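Structure first, then comments.
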Amino acid sequence: MADALIEVKNLSFRYAQHDSMTLDHLSLSVEKGSWTTIVGRNGSGKSTLIKLLTGLLENKSQDAISLFGRVLSEDTVDKIRLHIGLVLQNPDNQFVGPTVADDVAFGLENLDLSRGHMEQRVKEALENVGMLDFYDWEPARLSGGQKQRVALAGVLALHSDLIILDEATSMIDPIGRQSLLALVKQLQNRFGMTILSVTHDIEETFLADQILVMDHGGVALQGRPSQILIEDQALSGFGIELPLSRTVQRDLLALSIALPSGYLSEEELIDQLWQLYSKK
Amino acid sequence: MAIVFKEVNYSYQSKTPNAFQLLKNVSFRLADGSFTALLGQTGSGKTTLLKHINGLLKPSSGQVIVGDQIISSKTSEKDLADLRKNVGFLFQFPETQLFAPTVLQDVAFGPENFGQTKPSAEQIAKKTLEMLGFDMTLLNQSPINLSGGQQRLAALAGVLATEPQILLLDEPTAGLDPSTAKRVMILFKKLQQEKHLTILMATHDMDAAAEFADQILLMQQGKLVKQAAPKDMFQEKELVFQKILALPKVTTFAIRFAAKTGYTNQKLPISEKELISFLQRALSQDPSGKETTPHA
Ligand SMILES: Nc1ncnc2c1ncn2[C@@H]1O[C@H](COP(=O)(O)OP(=O)(O)OP(=O)(O)O)[C@@H](O)[C@H]1O
Ligand SMILES: Nc1ncnc2c1ncn2[C@@H]1O[C@H](COP(=O)(O)OP(=O)(O)OP(=O)(O)O)[C@@H](O)[C@H]1O
Ligand SMILES: [Mg+2]
Ligand SMILES: [Mg+2]
């Protein structure tokens with residue numbers, strides 16, 4: 001792909017503690033300016049992949065990973081990292097400073113910004129995630145969802161080209177989660193940022209341009225949401241829930257209600273139902 | 001064991017002038033053997049409330065009564081030892097309760113601590129992990145080397161292995177893949193029904209609350225704003241409108257359908273089965289409101 005921002009070819013990885021491979025000849029590609037969502041069972045290797053992509057784990061498959069058109073290696077990793085905003089699965093691993101503001105500012109230290117500019121970015125990011133009131137709080141006193149919001153602010157403040165989110169909103173209330181994900185979508189649309197997110201929430205995949213289903217250390221399915229979300233049996237086999245619109249569509253078809261059988265988003269399904277409703 | 005809150009207030013640093021009030025005059029009663037979902041936005045006080053039930057936090061004023069144990073600001077740590085044997089607490093962040101060198105040792109720790117021999121504690125640990133569908137090839141791994149979801153299952157196994165009478169679950173399915181989450185929720189329901197456990201579960205999963213809980217407590221900014229059965233709670237248009245309450249997916253679907261079509265129906269569905277009959281009814285009703293034969 002000409003415009004691939006992330007390109008992974010035949011990546012394999014084994015933890016020293018294990019006999020078998022955690023990632024096994026995994027290949028994927030992520031287009032610049034797109035949103036890719038990774039789903040898959042617990043232990044399928046999602047976080048391991050993220051850590052390899054960001055250099056947190058050392059990759060022994062040479063040349064397997066390229067980012068921004070450069071091969072990820074010991075020599076390039078520091079430079080490449082400057083362009084990536086990463087939220088890890090456990091927000092506690094990311095807190096380093098005595099206050100919330102210090103934490104958000106931490107990632108900015110490498111960016112050569114003036115004090116004033118930095119403070120402005122921190123405030124803006126905290127405002128965007130609804131946490132400005134907690135500016136000088138101790139991170140340890142935050143609730144679970146508040147911690148995740150602050151971790152997300154740390155990434156938003158970076159204005160990076162690539163944002164990687166590993167279950168970054170798993171403990172945020174549904175209304176808050178939706179608005180934060182919409183905010184991320186806006187960054188993609190407005191500034192062409194590339195998004196790679198890992199989630200167990202099937203609704204998050206609706207925002208994506210590409211879904212990757214991981215299973216046993218490999219990519220089991222890969223495609224546009226409308227291609228993947230219709231693979232009922234395969235998805236169930238990989239432990240993934242079907243979107244509500246899909247199960248409702250199936251239930252109604254089984255009751256002989258005249259609906260198309262191809263993929264329908266929730267909006268499209270409701271539209272179809274509305275047509276049936278007004279035709280009666 | 002029943003759980004009762006009587007006018008519970010809790011302030012952080014309650015003796016200082018800049019005290020922060022996290023629970024405000026909270027009162028409720030949960031019957032012995034009930035399954036309750038604790039809902040509320042991020043920061044509304046769910047974790048703080050749960051911590052009062054096993055005495056990790058004590059009320060600044062008011063009382064928490066668990067079984068026949070009364071917890072007030074004056075209760076001493078040593079009075080809480082018996083209570084803690086009966087109350088299992090799954091923390092919001094599982095890694096905060098995993099500490100042994102291996103998964104097996106970690107899960108066996110509780111039963112051994114409560115008097116089982118080492119071999120029988122390990123037997124219980126294995127049985128519990130297996131029941132949860134934990135990957136048994138990881139028994140001798142260090143808990144810190146597990147994936148996020150595996151950590152939560154291991155922490156949960158540690159809690160269940162002590163056979164508590166009360167289960168406090170702080171977002172038990174966050175980080176679990178959907179099929180594992182479902183399996184775990186079904187197990188909780190079974191423990192309630194067959195072993196008569198009293199369960200209180202903080203969650204952001206409205207679908208699980210609707211499907212598994214008998215009743216819901218809704219928190220907002222440290223206050224208990226409503227206690228009701230799921231079928232009543234999720235009809236609360238005012239609370240939904242104020243964004244205090246999110247709805248199950250099926251309920252949202254019905255509302256979107258109704259908004260698009262103008263179809264009005266008294267009761268909103270809270271399960272997929274109810275949604276399907278809701279839609280079926282809508283599609284078979286003529287505009288005058290009379291039922292006609294369903295689309296066949
Ligand atoms: N630091 C580590 N050392 C040894 N094994 C590990 C380590 N981290 C993860 N593993 C193992 O590698 C496998 C993949 O873990 P990973 O964290 O990548 O899964 P995941 O897909 O992110 O799962 P989850 O959905 O539960 O977060 C798991 O079986 C896990 O036990
Ligand atoms: N030790 C503490 N000191 C001061 N404030 C605290 C402390 N712990 C929690 N808080 C604050 O109390 C409020 C309630 O926190 P709590 O953890 O109970 O929320 P929660 O409902 O569990 O949220 P979440 O859904 O995000 O886990 C939050 O605003 C939080 O910042
Ligand atoms: Mg993970
Ligand atoms: Mg909490």
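So you know, we letter chains A, B, ... as the sequences are listed, proteins then strands, and number each from 1. Keep in mind that what you see is a predicted model, and the values were worked out from it rather than measured.
- Within 6.0 Å of NZ in B:Lys51 there are 12 or fewer heavy atoms belonging to other residues, nucleotides or ligands.
- Of the inter-residue distances, the one linking B:Leu39 atom CG with A:Asp173 atom CG reads 10.5 Å to the nearest 0.5 angstrom.
- When the candidates B:Gly149, B:Pro178, B:Ser147 are compared by the number of heavy-atom contacts under 4.5 Å with chain A, B:Pro178 comes out ahead.
- Side-chain N or O atoms of B:His204 include one that pairs as donor or acceptor with a backbone N or O of A:Met171 at under 3.5 Å.
- Ranked by heavy-atom pairs under 4.5 Å with chain B, the list A:Arg177, A:Glu241, A:Lys279, A:Gln148 is led by A:Glu241.
- Residues B:Asp177 and A:Phe238 have side chains not in contact (no heavy-atom distance under 4.5 Å, counting atoms from C-beta outward).
- Annotation for A:Gln17: atom CD counts as buried by contact number, over 12 foreign heavy atoms lying within 6.0 Å.
- Rounding to the nearest 0.5 Å places CG of A:Leu244 at 9.0 Å from OG1 of B:Thr252.
- Counting heavy-atom pairs under 4.5 Å between each of A:Val39, A:Ile240, A:Asp201, A:Thr247 and chain B puts A:Thr247 at the top.
- Ring centers of B:Tyr263 and A:Trp274: at least 6.0 Å apart, outside the cut-off.
- Closest approach of B:Thr42 and A:Ser143 over heavy atoms only: CG2-OG, 3.6 Å.
- Looking only at side-chain heavy atoms (C-beta outward), A:Tyr15 and B:Asn145 stay at 4.5 Å or farther from each other.
- Contact count versus chain B (heavy atoms, under 4.5 Å) is highest, among A:Gly145, A:Gly40, A:Gly130, A:Ser236, for A:Gly145.
- With contacts defined as side-chain heavy-atom distances shorter than 4.5 Å, the pair B:Phe253/A:Leu269 qualifies.
- Most heavy-atom pairs under 4.5 Å with chain B, from the set A:Arg149, A:Lys46, A:Glu266: that is A:Glu266.
- Counting only heavy atoms from C-beta outward, the side chains of A:Leu255 and B:Gln280 approach each other to under 4.5 Å.
- In this structure, CZ on B:Phe20 lies 9.0 Å from CZ on A:Arg141, to the nearest 0.5 angstrom.
- Annotation: maximal heavy-atom pairing with chain A below 4.5 Å, among B:Gly43, B:Ser142, B:Gly262, occurs at B:Gly43.
- The contact between A:Gln146 and chain B is made by backbone and side chain atoms together, counting heavy-atom distances below 4.5 Å.
- Residue B:Leu279 touches chain A through its side chain alone, counting heavy-atom pairs closer than 4.5 Å.
- Residue-environment remark: NZ (B:Lys24) exceeds the threshold of 12 foreign heavy atoms within 6.0 Å.
- Each of B:Glu171, B:Gln150, B:Glu272, B:Gln41 has some count of heavy-atom pairs under 4.5 Å with chain A, and the biggest count is that of B:Glu272.
- A:Asn42 contributes a side-chain N or O that, together with a main-chain N or O of B:Gly175, makes up a donor-acceptor pair within less than 3.5 Å.
- Contact of A:Leu142 with chain B is not made at all, since no heavy-atom distance falls under 4.5 Å.
- You'll find the side chain of B:Lys260 stays beyond 4.5 Å of the side chain of A:Tyr277, heavy atoms only.
- Only the backbone of B:Leu245 has a heavy atom closer than 4.5 Å to any heavy atom of chain A.
- The NE2 atom of A:His200 lies 10.5 Å from the OG1 atom of B:Thr173; values are rounded to the nearest 0.5 Å.
- Between the OG atom of A:Ser170 and the CG atom of B:Asp205 there is a distance of 12.0 Å, given to the nearest 0.5 Å.
- Among A:Gln89, A:Glu267, A:Gln178, the residue making the largest number of heavy-atom pairs under 4.5 Å with chain B is A:Gln89.
- Going from atom OG1 of B:Thr261 over to atom CG of A:Asp271 covers 11.5 Å, rounded to the nearest 0.5 Å.
- In terms of heavy-atom pairs under 4.5 angstrom with chain A, the leader among B:Arg256, B:Lys243, B:Gln151 is B:Arg256.
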